[in-house]
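Let me begin by presenting the structure, written as structure tokens, before commenting on it.
Atom set for the values below is all heavy atoms of this structure, side chains included, hydrogens, waters and symmetry mates excluded. When a ligand or atom number is given, it counts from 1 through the structure's own listing order.
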Amino acid sequence: MPLARRPPKILCVGRNYAAHAAELGSEVPSEPLIFLKPPSAVIGDGDPIVVPGWAGRIEHEGEIGIVIGRPARNATVDDAWTHVAGIVPLNDVTARELQRRDGQWSRAKGFDSFCPIGTPVAATGKDPQVLEVVTRVNGVVRQHGRASAMAFPISYLIAYCSTFTTLEEGDVLATGTPEGVGPLVPGDVVEVEIPGVGCLANPVIADNAPGPEPRRKA
Ligand code: MG
């Protein structure tokens with residue numbers, strides 16, 4: 001099934017696996033922690049992740065992505081999956097030091113190329129609770145998560161998001177990353193695979209732009 005090159009919006013969930021929250025020194029929140037990545041960050045399978053040298057440590061976050069088919073607002077948990085058209089591997093690439101420094105995550109999560117998304121497959125007949133996601137860097141497994149280990153299941157996340165925003169056709173929901181996040185550096189190839197669904201692979205290249213200029217007085 002096709003995916004819009006620029007989905008209308010990309011909703012993401014933070015700290016949805018207890019072991020990942022712990023590795024970042026956090027706990028699973030009492031309700032889902034939702035943030036957005038800009039559509040301009042999306043790249044496809046094979047496209048390069050461009051790592052700015054000034055931005056510090058850059059990390060992969062392999063995730064199970066879902067693509068909305070039928071619009072949803074105030075969906076119930078029981079009906080949530082009927083709004084899903086596709087399942088897709090996604091990499092929520094993150095500038096970890098900027099994430100900590102900024103507090104708000106728009107910059108750390110929103111660089112151009114920081115949202116590789118694969119090719120979706122139809123969700124029909126799939127059980128979201130049995131999905132798994134595996135992340136490899138240069139062929140070495142870094143992350144292996146199971147949807148059954150999520151703090152908030154996928155159907156709950158869809159229903160939860162639909163209480164504040166209309167989920168539109170083509171919107172993408174990134175359902176959180178399991179433990180094992182780690183650095184990406186130029187020359188790496190990072191793969192995110194959802195077994196039975198598909199694999200997303202992206203090379204990492206450097207961007208030598210200087211970054212923000214020092215603050216100037218008015
Ligand atoms: Mg993430």
Notebook entry, point to check: When clusters are formed by joining ILVMFWY residues with side-chain heavy atoms under 4.5 Å apart, either directly or through shared neighbours, do Tyr17 and Phe35 land in the same one?
Noted result: no
Flag the pair Val137 / Leu184 as yes when at least one side-chain heavy-atom distance between them is below 4.5 Å, and no otherwise. yes
Total protein N/O/S atoms sitting under 2.8 Å from the Mg ion (ligand 1), waters ignored, is 3
Exercise for the section: Look at Glu61 together with Arg96 and state whether they make a salt bridge at an N to O cut-off of under 4.0 Å. Expected result: yes
**Report entry** Side chains of Gln143 and His60, donor plus acceptor under 3.5 Å
**Finding:** yes
Relative to the ring of Tyr156, is the ring of Phe152 parallel (under 30°), tilted (30 to 60°) or perpendicular (over 60°)? parallel
Query raised in the report: Would you call Arg57 and Glu97 a salt bridge, taking side-chain N to carboxylate O under 4.0 Å as the test?
Result: no
